[in-house]
Amino acid sequence: MSRKYVIAGNWKMNKTPSEAKVLVKEVIEAIGAKPENVDVIVCPPFVAVDAAMGAAEGSFVKVGAQNLHFEAKGAYTGEIAADMLNDLGVSYVIIGHSERRQYFAETDETVNKKVLTAFEAGLTPIICVGETLEQREQGITADLIRMQVKIAFGGVTADQAKKAIIAYEPVWAIGTGKTATNEQADEVCGIIRETIGELYDGATAEEIIIQYGGSMNAGNAEALLAMPNIDGGLIGGAALKPNDFATIVKSAK
Ligand code: 13P
């Protein structure tokens, strides 16, 4: 398997622009040299993206955003268009995080529109899927994840799909300290890969990067990242701690 690892920090609603500069520098220093075969991304809040880009310039750290709007421009107060991210030099964008689905009424359909918009703009989407505890207990995890993936990729070409990143984030594991077991996480990442294989073909399924997210930390990252279907992590809380984030990055090998 020739897939690289992608470790991304989702800073959520944390860090001012000035704090973001400091954190990016600390992250670069804590990681040291560019890790072989690992892409490292940080996703600060919109207003800190520019500052983070400046601090990351010339380093191996790439910067992403946490959301975008699917329309190109217009009367959408408070929203950010793909163009605006492009102009800043951003290359990644998180789409459909469960917090966006839960608090900001995002649906599989808006996720799909955003994914298409990101691809049109040349941005790499990090597409989040995941089940709630209730859904897991109902035994519908596999069906739900397949549905989320299928809707998210509607109208996406195989060439585009190959470049996408999918993050499996069980909602019950986010910010709770409750990590999915290595087997649970790998099983669902495997289901995602299988679904991509059904939608496209085996080569696309082999190539696509699938991350796990949900209380991944310096202690559990190595075992999770060693699982065959897990190609990286989308890290929340631990991404705000430079040494912990660096440990996670170094666990990807
Ligand atoms: P935590 O790592 O804080 O659980 O957050 C995970 C997450 O939601 C990343 O997008």
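Each ligand, and each atom within it, is numbered from 1 in the order the structure gives.
Environment of CD in Glu198: crowded, with over 12 heavy atoms of neighbouring residues, nucleotides or ligands closer than 6.0 Å. The local environment of NZ in Lys21 is sparse, with at most 12 non-hydrogen atoms from other residues, nucleotides or ligands closer than 6.0 Å.
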Could you go through Asp108 and Arg101, starting from their C-alpha distance and side-chain angles, then the distance that decides it, and tell me whether this counts as salt bridge (charged side-chain N to carboxylate O under 4.0 Å, His left out)?
CA-CA 9 Å; Asp108 291 332; Arg101 295 177 190 250; 2.6 Å; yes

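Heavy-atom distances between Ala173 and ligand 1 reach below 4.0 Å in at least one pair.
Residue Ala238 has no N or O atom closer than 3.5 Å to an N or O atom of ligand 1. The shortest N or O to N or O distance between His97 and ligand 1 is under 3.5 Å.
Which parts of ligand 1 touch Gly237 is read off a 4.0 Å heavy-atom cut-off, strictly below it: atoms 1 (P), 2 (O), 3 (O). The distance from ligand 1 to the heavy atoms of Glu169 drops below 4.0 Å at these ligand atoms: 6 (C), 7 (C), 8 (O), 9 (C), 10 (O). Close approach to Gly214 involves these atoms of ligand 1, each under 4.0 Å from a residue heavy atom: 4 (O), 6 (C). In the vicinity of Leu234, heavy-atom distances shorter than 4.0 Å reach the ligand 1 atoms 9 (C), 10 (O). Of all the atoms in ligand 1, the ones that sit under 4.0 Å from a non-hydrogen atom of Ser215 are 1 (P), 2 (O), 4 (O). Interface of Gly175 with ligand 1, defined as ligand atoms under 4.0 Å from a residue heavy atom, comprises 1 (P), 3 (O), 4 (O).
Counting heavy atoms under 4.0 Å from ligand 1, residue Ile174 touches it through both backbone and side chain.
One side chain, Trp172 or Glu131, offers a donor N or O that lies under 3.5 Å from an acceptor on the other. Side-chain N/O atoms of Thr132 and Gln135 include a donor and acceptor closer than 3.5 Å. No hydrogens or angles considered: a donor-acceptor pair under 3.5 Å links the side chains of Glu169 and His97. Side chain to side chain, Asp201 and Thr204 meet the donor-acceptor criterion of an N or O pair below 3.5 Å. Asn67 and Lys114 share a donor-acceptor pair across their side chains, judged by distance under 3.5 Å alone.
Between Glu99, Gln211, Lys12, it is Lys12 that holds the heavy atom closest to atom 5 (O) of ligand 1. One option in Gly213, Ser98, Gly236 has a heavy atom closer to atom 2 (O) of ligand 1 than any other, and that option is Gly236.
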